[in-house]
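Values below: all heavy atoms of this structure, side chains included; hydrogens, waters and symmetry mates excluded. Numbering of residues begins at 1 and proceeds along the displayed sequence. A quick note: this is a predicted structure, and the numbers were derived from the prediction, not measured.
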Amino acid sequence: MSGRLFIVFLLLLGIAHARTKEEQIVVDIVNTNLKTVDLSVITSENRDVIIKILRDAATYNLRDGQNRKTESIGTSYVGATSAQVILLRLNDTETVTRLIGAYRDTYGSRGSFWLAEHFEWAGQASVIPLLAEDFFLEDGDQGKIIREGKGVGLRVIPRSAFSGITAMRVTIASKQFSDETRTWANQRLIQGYYPYDKFRADMRVWWKQNKAAFKAGNYDAVKPPQPESPPPPPVLPNPEDSKLVIPIPPSAKPTPKPPTPTPASIPAPVVAEAVKPNHTPIQWSLWGGIAAVLAASARWLFLRGRGNRRGP
């Protein structure tokens with residue numbers, strides 16, 4: 001009787017631990033080398049279910065490691081780091097955005113450096129445009145020591161430089177880029193990243209020249225940075241030019257303006273000249289005769305009057 005009960009118990013335990021096809025896929029991929037695991041088993045039909053399982057396993061508070069919804073499937077443990085890396089490889093937008101935000105918010109802590117490693121392990125090119133935003137920070141050229149609790153202090157370099165280092169490591173790890181670009185990224189890291197301002201300037205040039213390819217998701221078109229063309233030298237006068245005779249095109253003759261009309265002059269007022277008497281000889285003789293008659297009449301009247309006074 002006890003043997004039968006034990007068999008029933010095993011059957012019930014097997015039923016309780018039975019996994020769906022999607023759960024089994026999750027268990028298989030998280031327990032394989034995260035850099036080389038084949039994700040082709042995730043198809044358009046099962047992707048949404050698998051993404052949800054992985055998010056429940058990957059979502060936790062970076063400070064205390066709590067708040068995970070899923071830690072195991074059946075008897076198999078599902079690690080948060082493994083789930084995060086798989087989600088990054090699948091280019092899950094929600095996970096990429098959340099982890100980049102956590103990396104920035106906690107930069108300088110051990111957790112931020114772990115996240116940077118997760119980006120590298122995933123080798124997902126889509127995180128680089130988000131890291132590239134840090135290239136343009138003006139956060140100094142000196143590192144500093146940050147202590148967490150009683151542990152050994154961490155040497156922290158400016159985030160602009162560390163994000164550039166992480167972007168180079170992602171490029172090296174990602175097969176989304178050409179061999180030429182991956183080789184260049186490896187050589188650039190070998191050259192070193194100090195001084196930070198020089199390294200930061202190189203990262204800015206690389207991003208500006210490849211921004212369009214990144215935005216289009218055409219990662220194979222991303223190229224190593226090319227030297228920026230210097231401005232053209234100023235054009236100096238050529239002494240030989242002074243010997244050249246440059247014909248001057250005939251200039252068009254301006255249309256002559258009509259002459260300005262001269263205002264009509266106002267004639268001066270005419271003053272009538274006083275008419276002088278024109279004494280001709282005839283007029284003089286006539287006047288002389290009249291005068292003689294008048295004189296004779298006057299004499300006669302005088303004599304007559306005188307004679308009348310002598311009367312009887």
Side-chain angles (χ1 to χ4, degrees), residues 35 58 62 84-144 154-229:
K35 295 182 180 181
L62 289 172
Q84 287 178 358
V85 173
I86 297 299
L87 286 168
L88 288 171
R89 284 195 58 187
L90 292 172
N91 195 22
D92 178 46
T93 303
E94 179 181 311
T95 301
V96 171
T97 304
R98 181 174 64 83
L99 295 185
I100 285 289
Y103 161 76
R104 290 174 178 162
D105 292 342
T106 63
Y107 182 71
S109 68
R110 286 180 173 82
S112 66
F113 300 136
W114 292 337
L115 284 174
E117 284 188 337
H118 299 170
F119 299 148
E120 178 185 353
W121 295 344
Q124 176 52 251
S126 66
V127 306
I128 292 181
L130 299 175
L131 291 170
E133 296 178 13
D134 292 347
F135 299 169
F136 297 89
L137 294 174
E138 296 294 346
D139 49 358
D141 299 319
Q142 299 295 325
K144 56 185 177 180
L154 300 174
R155 182 175 179 275
V156 180
I157 68 175
R159 196 175 88 201
S160 58
F162 190 79
S163 291
I165 295 170
T166 304
M168 293 293 93
R169 289 174 175 169
V170 171
T171 302
I172 296 168
S174 177
K175 294 183 179 180
Q176 295 167 287
F177 297 103
S178 66
D179 291 340
E180 177 191 15
T181 300
R182 296 170 69 192
T183 299
W184 164 78
N186 185 58
Q187 292 175 345
R188 186 62 189 84
L189 284 186
I190 292 174
Q191 292 175 14
Y193 43 84
Y194 189 83
Y196 302 129
D197 57 346
K198 174 63 168 59
F199 179 71
R200 182 166 53 220
D202 289 348
M203 291 297 96
R204 290 175 179 177
V205 171
W206 179 61
W207 169 250
K208 289 178 180 178
Q209 292 181 359
N210 292 282
K211 181 178 179 180
F214 273 107
K215 294 296 185 182
N218 187 13
Y219 304 120
D220 191 57
V222 174
K223 301 297 181 184
Q226 301 300 316
E228 294 187 313
S229 302

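When the salt bridge (charged side-chain N to carboxylate O under 4.0 Å, His left out) test is applied to Asp197, no partner is found at least two apart in sequence or on another chain. The salt bridge (charged side-chain N to carboxylate O under 4.0 Å, His left out) check on Asp220 picks up nothing, with sequence neighbours excluded. When the side chain to side chain donor-acceptor pair (under 3.5 Å) test is applied to Tyr107, no partner is found at least two apart in sequence or on another chain.
Residues Ser174 and Gln176 have side chains that bring a donor and an acceptor to within less than 3.5 angstrom of each other.
Here the closest heavy-atom approach between residue Tyr196 and residue Tyr193 is recorded as CD2-O, 3.3 Å. The minimum heavy-atom distance linking Gln124 with Val170 is given by the pair O-CG1, 3.5 Å. Across every non-hydrogen atom of Val222 and Thr181, the tightest pair is O-OG1, 2.6 Å. In plain terms, the two heavy atoms of Ala125 and Phe177 that are nearest each other are CB-CZ, 3.5 Å. Shortest non-hydrogen contact noted between Gly123 and Ala173 is CA-CB, 4.2 Å. Nearest heavy-atom pair across Ala161 and Phe199 is O-CE2, 3.4 Å.
At a threshold of 4.5 Å between non-hydrogen side-chain atoms, the residues Tyr219 and Ile128 do not count as touching. Between Arg169 and Ile165 the shortest side-chain heavy-atom distance falls below 4.5 Å. Taking 4.5 Å as the limit, some side-chain heavy atom of Tyr103 sits within range of a side-chain heavy atom of Ser112. For the pair Leu99 and Phe119, the minimum side-chain heavy-atom distance is below 4.5 Å. The shortest distance between side-chain heavy atoms of Pro225 and Trp207 does not fall below 4.5 Å.
Considering CZ of Arg200 and CG of Asp134, their distance stands at 11.0 Å, rounded to 0.5 Å. Rounding to the nearest 0.5 Å places CH2 of Trp184 at 15.0 Å from CG of Asp179. Going from atom NZ of Lys198 over to atom CE of Met203 covers 9.0 Å, rounded to the nearest 0.5 Å.
One N or O on the side chain of Gln226 and one on the backbone of Pro224 form a donor-acceptor pair closer than 3.5 Å. Remark: the backbone N or O of Lys175 is not paired with any side-chain donor or acceptor of Arg182 at under 3.5 angstrom. Within the 3.5 Å criterion, the main-chain N or O of Lys223 finds a donor-acceptor partner in the side chain of Asn210.
The environment of Gln191 atom CD is dense: over 12 non-hydrogen atoms of other residues, nucleotides or ligands sit within 6.0 angstrom.
The pair Arg159-Asp139 fails the salt-bridge criterion, with no side-chain N (NZ, NE, NH1 or NH2) lying under 4.0 Å from an Asp/Glu carboxylate O.
Under the 6.0 Å cut-off for aromatic ring centres, Phe214 and Trp206 qualify, their centroids lying closer than that.
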